[in-house]
Amino acid sequence: MPNSLPLVYDIGMNNGDDVEYYLAKGCRVVGIEANPALCELSAERFSSAIADGTLKIVNCAVQDREGTADFFIHNQYDKLSTLFPEEVHRTDIELSWTSIPVAVRRASSIIAENGPPFLEKIDVESADHIVVKDL
């Protein structure tokens, strides 16, 4: 990544809409997302940013440990996907999930690999407090 640009961590990248904004503002971005399908879509969407080194995508969930875990993808609304489906309380939609195994990493270890942030956006369903505590 070009080191002269501000570095933004998009923790809980989802479909990359925020990545697009940060890139347009002239930032380097590390996008972190547990859902591999969303990582693939973002890799296609931002292939030129990946090629020029302004975007790196890390496919993992963020936790207070390193290893693997079950990640629960909501069957209708991918923005509700989480490591902790029991923490999602909604009465307006059916809560149905598909579970997949994913790598889990500490946000602090990803930052140690990529450099100090200018900005961190954290949006990981039911786990924001875990990320903040780690950082």
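The figures that follow rest on heavy atoms only: side chains count, while hydrogens, waters and symmetry mates do not.
The closest donor-acceptor contact from the side chain of Asn14 to the backbone of Glu33 lies at 3.5 Å or more, if one exists at all. Judged purely by atom type and a 3.5 angstrom limit, Ser42 has no side-chain atom pairing as donor or acceptor with the backbone of Cys39. In this structure, the side chain of Ser99 does not engage the main chain of Asp70 through any donor-acceptor pair within 3.5 Å. In this structure, the side chain of Thr82 engages the main chain of Glu125 through a donor-acceptor pair within 3.5 Å. Side-chain N or O atoms of Asn59 include one that pairs as donor or acceptor with a backbone N or O of Ala34 at under 3.5 Å. A side-chain donor-acceptor contact under 3.5 Å links Arg28 to the backbone of Leu5.
Rounding to the nearest 0.5 angstrom, the gap separating the OH atom in Tyr22 from the CG atom in Leu55 is 12.5 Å. For the atom pair CD1 (Ile57) and CG (Leu41), the distance works out to 9.5 Å, reported to the nearest 0.5 Å.
Arg105 and Asp134 are not joined by a salt bridge, as no carboxylate oxygen comes within less than 4.0 angstrom of a charged side-chain nitrogen. Taking 4.0 Å as the cut-off between side-chain N and carboxylate O, Arg45 and Glu20 count as a salt-bridged pair.
A chain of hydrophobic side-chain contacts below 4.5 Å, direct or via other Ile, Leu, Val, Met, Phe, Trp or Tyr residues, connects Leu83 to Ile73. Follow the hydrophobic side-chain contacts under 4.5 Å out from Val131 and you never reach Phe84; the two are in separate clusters.
At most 12 non-hydrogen atoms from other residues, nucleotides or ligands lie less than 6.0 angstrom from OH of Tyr21.
Among Ile11, Val62, Ile122, the single residue meeting the side chain to side chain contact (heavy atoms under 4.5 Å, CB included) criterion with Asp128 is Ile122.
Here the closest non-hydrogen pair linking Gly16 and Phe46 is O-CZ, 3.3 Å. Residues Leu7 and Pro116 share a closest heavy-atom pair of CD2-O, 3.8 Å. Among all heavy-atom pairs drawn from Tyr9 and Pro117, the shortest one is CD1-CB, 3.5 Å.
Applying the ring pair (Phe, Tyr, Trp, His ring centres under 6.0 Å) rule to pairs touching residues 94-120 yields His74-Trp97, sequence neighbours excluded.
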